[in-house]
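Computed from a predicted model, the values in this text were never measured in an experiment.
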Amino acid sequence: MPSAESTPASVDESDLVPPTRNDEVARSGSELIGGPLGRRALLGTSWWNPVRVIALVAIGVFALGLVQKAPCYDGAWFFGASSQYTHACYSDIPHLYQGRGFADGLVPYFDKLPGDMQYLEYPVLTGVFMEVAAWLTPGSGSIQDQEQWYWMVNAGMLMACAAVIVVCVSRTHARRPWDGLLVALAPAFALTATINWDLLAVALTASAMLMWARGRSLAFGVLLGLATAAKLYPVFLLGPLFVLCWRAGKWRDFGKALGGAVVSWLVVNLPVMFFAFDGWSKFYTFSQERGVDFGSFWLIMAQNSSDPLSTETVNTFATLLMLLACAGIAALTLTAPRRPRFAQLAFLIVAAFILTNKVYSPQYVLWLVPLAVLARPKWRDFLIWQACEVAYFLGIWMYLAYTTSGNAHKGLPTDGYHWAIGLHLMGTAYLCAMVLRDILMPERDVVRLAGDDDPSGGVLDRAEDVFVLGAAARRPRHAAHFDGPQVEWGSEPGTTDRSL
């Protein structure tokens, strides 16, 4: 049986799976640029390979996202509280340049801040990213000039992160590079990319996923640890990976991944933890003490209750719901008719955290976009979900415009904002349902339709099961007749089996 290390990082151009041949929405959309790829198309004859094309598209769409922020850049960030909401161009970045002491040269985590927030409330690696951008920001001119420069510097650094993300997604599934175009064209990705600094963690996570797909378990762990040092959510990927390695008996690889993650996280965090513990711990205490906030179903409950739950109670219930989701995903992994793909479970675990959390900032959609593309590269379902996220993006800013416009009441009232939250929740739940269906009925999985097993699974790809529960211990029996190619456990690359 071939190992992931012996599997080539690239495949022959003729073996690629173009979405215009097997996805109706992609086929229809391709009419704008000349129609679907023909059977006799000459591939591999130009410098313009899929990854380079997608990277340039991503940069172009990212630039359009910057243009969308122009009304705020020209004044809405600085004059009038509600105008940045009515133009839907709000960003934390310029506001926190002065609000978190970067304009005054304060050192994050070490120097106390004036006001209620005594220390920077971001993980250490994100704090480093913010500080580097501050170093690159000219200190001359008015504070408005400096904040504009600070946003532009951060935008350039975040654009590099966006390019890394689309390149990694395009290369993770070696036979499906064009799936990366979903990330590049995702409207919610462009609209939220420069609201905050989340793209740093997303880029590190996407890089980690690529390393795991290449069979480099230690590199995966190191990058995932760095991603967790920038944002909390990447650590959740270790949970489904543990259960997948349990089912496949790949304990050594999981151990290397876990060890790499722990060591890299400690390398980043220990110096700050040791010399400035109060500043280092602010992110964790703030996350715990923060009340119910925007975007969550907890907010709908609180705003429709005469006696809302306390923060401590919400923390407890949210934790219990997340633990139940984790248990459900673990049970699904061990009982599914075929071992789920790593990207499918990675998407489900992060989506579960988003759905159960007490806050959903609009930029959190960035966490899910690359994982959604790897888990369910179906254009129709992806665009349905994106439409819901764009509706939420507009909804939160219109709601904030309503709450900050005084008696004018310009914007979206509370009930309307609740509908926007509901759209976000339903869109994410819908995509989760599609991924769950693919796991329970693997003959419907568009990735496996092409004859692949788990192209993002690294050492898990085509590995034999060693521990399964329930019906998975017997030969899979599919719920629907299917005549397409499928992969048998342990089969050689390029071979298929129709007997499943």
Pair Trp385-Leu368, side-chain contact (heavy atoms from CB on, under 4.5 Å): steps then yes or no
CA-CA 11 Å; Trp385 170 59; Leu368 284 178; 3.7 Å; yes
May I ask you to decide if [Y]'s main-chain N or O and [X]'s side chain share a donor-acceptor pair within less than 3.5 Å?
X      : Y      : value
Gln344 : Arg341 : yes
Thr194 : Ala155 : no
Ser361 : Gln363 : no
Gln98  : Ile143 : no
Asp461 : Gly457 : no
Tyr150 : Leu136 : no
Tyr109 : Pro123 : yes
Thr285 : Lys282 : yes
Thr126 : Tyr122 : no
Asp145 : Gly141 : no

Is any side-chain heavy atom of [Y] closer than 4.5 Å to one of [X]?
X      : Y      : result
Thr335 : Val468 : no
Lys358 : Thr311 : yes
Leu348 : Cys432 : yes
Pro455 : Val447 : yes
Ser296 : Val359 : no
Phe62  : Leu158 : yes
Leu436 : Leu332 : yes
Leu299 : Tyr417 : yes

Restricting to non-hydrogen atoms, name the atom on [X] and the atom on [Y] that form the minimum distance, rounded to 0.1 Å.
X      : Y      : result
Ala229 : Val268 : CB-CG1, 3.9 Å
Leu460 : Trp212 : CD1-NE1, 4.1 Å
Thr356 : Phe297 : CA-CE2, 4.2 Å
Asp381 : Met434 : OD2-CG, 3.7 Å
Ala346 : Leu371 : O-CD1, 3.8 Å
Ala420 : Gly395 : CB-CA, 4.1 Å

Exercise: do Tyr364 and Asn357 side chains pair donor with acceptor under 3.5 Å
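Absent: no donor and acceptor within the cut-off.
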Within the 3.5 Å criterion, strictly below it, is a donor on Ser83 or Thr86 matched to an acceptor on the partner's side chain?
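No, because no side-chain N or O of Ser83 sits under 3.5 Å from a partner of the opposite role on Thr86.
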Quick one: do Thr316 and Thr319 satisfy side-chain hydrogen bond (donor to acceptor under 3.5 Å, both in side chains)? Show the steps, please.
CA-CA 5 Å; Thr316 301; Thr319 301; over 6 Å; no
Report the residue from Ile354, Leu191, Thr192 that forms a side-chain contact (heavy atoms from CB on, under 4.5 Å) with Val365.
Thr192
What orientation do Trp251 and Phe254 show, parallel under 30°, tilted 30 to 60°, or perpendicular over 60°?
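Correct class here is perpendicular.
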When the ring planes of Trp151 and Tyr73 are compared, do they come out parallel, tilted or perpendicular, using 30° and 60° as the limits?
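Rings of Trp151 and Tyr73: tilted, 30 to 60°.
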Mark yes when over 12 heavy atoms from residues, nucleotides or ligands other than [X] sit less than 6.0 Å from its [atom1]; otherwise mark no.
X      : atom1 : value
Phe317 : CZ    : no
Trp149 : CH2   : no
Arg437 : CZ    : yes
Phe467 : CZ    : yes
Glu131 : CD    : yes
Trp419 : CH2   : no

What about [X] and [Y], are their ring centers closer than 6.0 Å?
X      : Y      : value
Tyr360 : Tyr392 : yes
Trp77  : Tyr97  : no
Tyr233 : Phe353 : no
Tyr90  : His95  : yes
Trp379 : Phe382 : no

Roughly how far, to the nearest 0.5 Å, is [atom2] of [Y] from [atom1] of [X]?
X      : Y      : atom1 : atom2 : result
Leu113 : Leu106 : CG    : CG    : 6.0 Å
Met159 : Ile59  : CE    : CD1   : 6.5 Å
Leu244 : Phe242 : CG    : CZ    : 11.0 Å
Gln84  : Cys72  : CD    : SG    : 5.5 Å
Thr228 : Leu204 : OG1   : CG    : 9.5 Å
Leu440 : Arg338 : CG    : CZ    : 13.5 Å

side-chain contact (heavy atoms from CB on, under 4.5 Å) for Phe189 and Val183? Distances and angles first, verdict last.
CA-CA 7 Å; Phe189 194 94; Val183 180; 4.1 Å; yes
Please determine if Lys231 and Asp198 form a salt bridge, counting it only when a charged side-chain N lies under 4.0 Å from a carboxylate O.
yes
Carboxylate-amine/guanidinium proximity below 4.0 Å for Lys112 and Asp278:
no
Kindly indicate, with the supporting measurements, whether the criterion salt bridge (charged side-chain N to carboxylate O under 4.0 Å, His left out) is fulfilled by Arg339 and Asp454.
CA-CA 9 Å; Arg339 188 172 58 246; Asp454 187 2; 5.7 Å; no
Are Trp265 and Leu270 close enough, and set up right, to give a side-chain contact (heavy atoms from CB on, under 4.5 Å), and what steps lead you there?
CA-CA 8 Å; Trp265 185 89; Leu270 272 182; over 6 Å; no
For Ile349 and Cys326, run side-chain contact (heavy atoms from CB on, under 4.5 Å): C-alpha distance rounded to whole Å, both residues' side-chain angles, the deciding distance at 0.1 Å, then the answer.
CA-CA 7 Å; Ile349 197 72; Cys326 292; 3.6 Å; yes
